[in-house]
Amino acid sequence: MPGLNHREIARLFNSTFEVEYGVVMSGGYSEPLYLPGEQLGEGKSHVRYTYDYASSALHEASHWCMAGRARRKLVDYGYFYDPPPRSEVTQRRFEYFELDVQALECLLSRSADIPFHVSLDDVGTTLETADLFRCRVERRARDWLMSGLPPRAALFMNRLACNKSVRFAEMSIG
């Protein structure tokens, strides 16, 4: 059975967080972006993911789940994107900010039954650097499984896994 698609992920995100947190997720954009409701002059914040990619939806959901209250009041959580090619220092900074996000994305991807691929976002990265970062992401994901995820992350991971189970049961019955 195929994993969840981007529409199902967005629907689950919205049904989990829209009422309590005033945030909605949607796709179809050329670039991902988080826009807080205050910046938009409206009540709801928007999580935008790239085109119709389930992996982009999960990555952006991970950013939102990891962001604290203060960060959720800032466009793109207040992070400055430094595009590739990056110096070694700026690449390490990218990895620092992405480690927890990608570890959570790894867990969400498993819950949604879709492939996860670590991203260093820079084609000039060496294979050794990529392997080291992948190992750090996987170790962080394992640590969270043992110690527990942040509350919003755990809630969304459970929603994804439960929905996948419901889909499987419906297919088995039908």
Side-chain angles (χ1 to χ4, degrees), residues 4 6-83 86 89-112 114 116 118-121 133 136-164:
L4 300 178
H6 73 101
R7 284 185 187 90
E8 292 169 313
I9 292 166
R11 180 184 52 78
L12 287 168
F13 183 91
N14 294 342
S15 67
T16 304
F17 300 117
E18 183 176 8
V19 172
E20 184 174 350
Y21 292 95
V23 62
V24 293
M25 173 183 274
S26 59
Y29 299 93
S30 60
E31 293 292 330
L33 181 65
Y34 171 73
L35 297 167
E38 295 86 9
Q39 295 285 331
L40 294 171
E42 56 182 76
K44 291 194 189 325
S45 298
H46 293 261
V47 175
R48 296 179 175 178
Y49 60 91
T50 307
Y51 301 115
D52 61 353
Y53 302 140
S55 58
S56 179
L58 291 176
H59 185 81
E60 297 312 311
S62 298
H63 271 291
W64 186 85
C65 287
M66 295 304 305
R69 184 171 301 183
R71 288 249 183 230
R72 292 192 314 267
K73 292 182 179 184
L74 304 171
V75 172
D76 249 1
Y77 314 104
Y79 293 118
F80 173 75
Y81 180 71
D82 193 7
R86 297 186 187 101
V89 170
T90 55
Q91 184 61 32
R92 295 296 158 259
R93 186 172 43 228
F94 173 85
E95 292 172 25
Y96 173 81
F97 287 114
E98 283 287 311
L99 178 64
D100 285 349
V101 171
Q102 291 194 34
L104 176 55
E105 180 188 352
C106 175
L107 296 173
L108 296 179
S109 295
R110 289 179 188 161
S111 293
I114 65 167
F116 169 73
V118 170
S119 173
L120 287 169
D121 193 46
F133 186 63
R136 291 177 55 218
V137 167
E138 290 171 356
R139 185 174 338 120
R140 183 66 178 123
R142 279 192 309 273
D143 289 348
W144 264 335
L145 286 176
M146 296 187 68
S147 64
L149 286 161
R152 285 178 291 131
L155 176 61
F156 192 52
M157 189 172 94
N158 288 331
R159 290 293 308 272
L160 291 168
C162 288
N163 192 72
K164 184 178 70 175

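None of these values were measured; they are calculated from a predicted model. Basis for what follows: all heavy atoms, side chains included, without hydrogens, waters or symmetry-related copies.
- For Tyr29, there are no ring pair (Phe, Tyr, Trp, His ring centres under 6.0 Å) partners at least two apart in sequence or on another chain.
- In this structure, the separation between NE2 on His46 and OH on Tyr34 is 9.5 Å, given to the nearest 0.5 Å.
- Heavy-atom minimum distance, Ser45 versus Pro36: OG-CA, 3.4 Å.
- The salt bridge (charged side-chain N to carboxylate O under 4.0 Å, His left out) pairs that include a residue from residues 142-154 number zero, where partners must be two or more places apart or lie in different chains.
- Between Glu8 and Leu4, the shortest heavy-atom contact is OE1-CA, 3.2 Å.
- Within a 6.0 Å sphere centred on CZ of Arg92, other residues, nucleotides and ligands contribute more than 12 heavy atoms.
- Asn163 places no side-chain N or O within 3.5 Å of a backbone atom of Arg159 that could act as its donor or acceptor partner.
- By the neighbour-count criterion of 12 heavy atoms within 6.0 Å, atom OH of Tyr81 is densely surrounded, having more than that number from other residues, nucleotides or ligands.
- Between Leu104 and Trp144 the shortest heavy-atom distance is N-CZ3, 3.6 Å.
- Here Glu95 contributes atom CD and Ser119 contributes atom OG; the two are 10.5 Å apart, rounded to the nearest 0.5 Å.
- The residue from Leu58, Leu160, Val23 that alone fulfils the side-chain contact (heavy atoms from CB on, under 4.5 Å) condition with Phe13 is Val23.
- Between Tyr77 and His63, the angle of the ring planes stays under 30°, which puts this pair in the parallel group of the 30/60° scheme.
- Within 6.0 Å of the OH atom in Tyr53, the count of heavy atoms belonging to other residues, nucleotides or ligands does not exceed 12.
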Problem - Val75 and Leu33: CA distance, side-chain angles, deciding distance, side-chain contact (heavy atoms from CB on, under 4.5 Å) verdict - result: CA-CA 8 Å; Val75 172; Leu33 181 65; 4.1 Å; yes

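- The structure places OG of Ser109 at 7.5 Å from CD1 of Ile9, a figure rounded to the nearest 0.5 Å.
- Interatomic distance, Cys65 SG to Leu149 CG, rounded to the nearest 0.5 Å: 9.5 Å.
- Residues passing the ring pair (Phe, Tyr, Trp, His ring centres under 6.0 Å) test with Phe133: none are found, sequence neighbours excluded.
- Contact check for Pro150 versus Met66: side-chain heavy atoms found under the 4.5 Å cut-off.
- For the atom pair CZ of Arg110 and CE of Met157, the computed distance is 10.0 Å after rounding to the nearest 0.5 Å.
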Exercise for the section: Check the pair Leu99, Val137 against side-chain contact (heavy atoms from CB on, under 4.5 Å), reporting the backbone distance first and the verdict last. Expected result: CA-CA 6 Å; Leu99 178 64; Val137 167; 3.8 Å; yes

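- In terms of heavy atoms, Leu12 sits closest to Phe156 at C-CE1, 3.8 Å.
- Between Phe17 and Trp64, the ring planes lie tilted relative to each other; the angle falls in the 30° to 60° range.
- Closest approach of His59 to Val101, counting heavy atoms only: CE1-CG1, 3.6 Å.
- With rounding to the nearest 0.5 Å, the separation of CZ in Phe94 from CD in Gln91 is 6.5 Å.
- Here salt bridge (charged side-chain N to carboxylate O under 4.0 Å, His left out) pairs that include residues 11-23, with residues two or more places apart or in two chains, are Glu18-Lys44.
- Listed by first and then second residue, the salt bridge (charged side-chain N to carboxylate O under 4.0 Å, His left out) pairs that reach into residues 66-76 come to none, sequence neighbours excluded.
- His6 pairs by the ring pair (Phe, Tyr, Trp, His ring centres under 6.0 Å) definition with Tyr49, not counting sequence neighbours.
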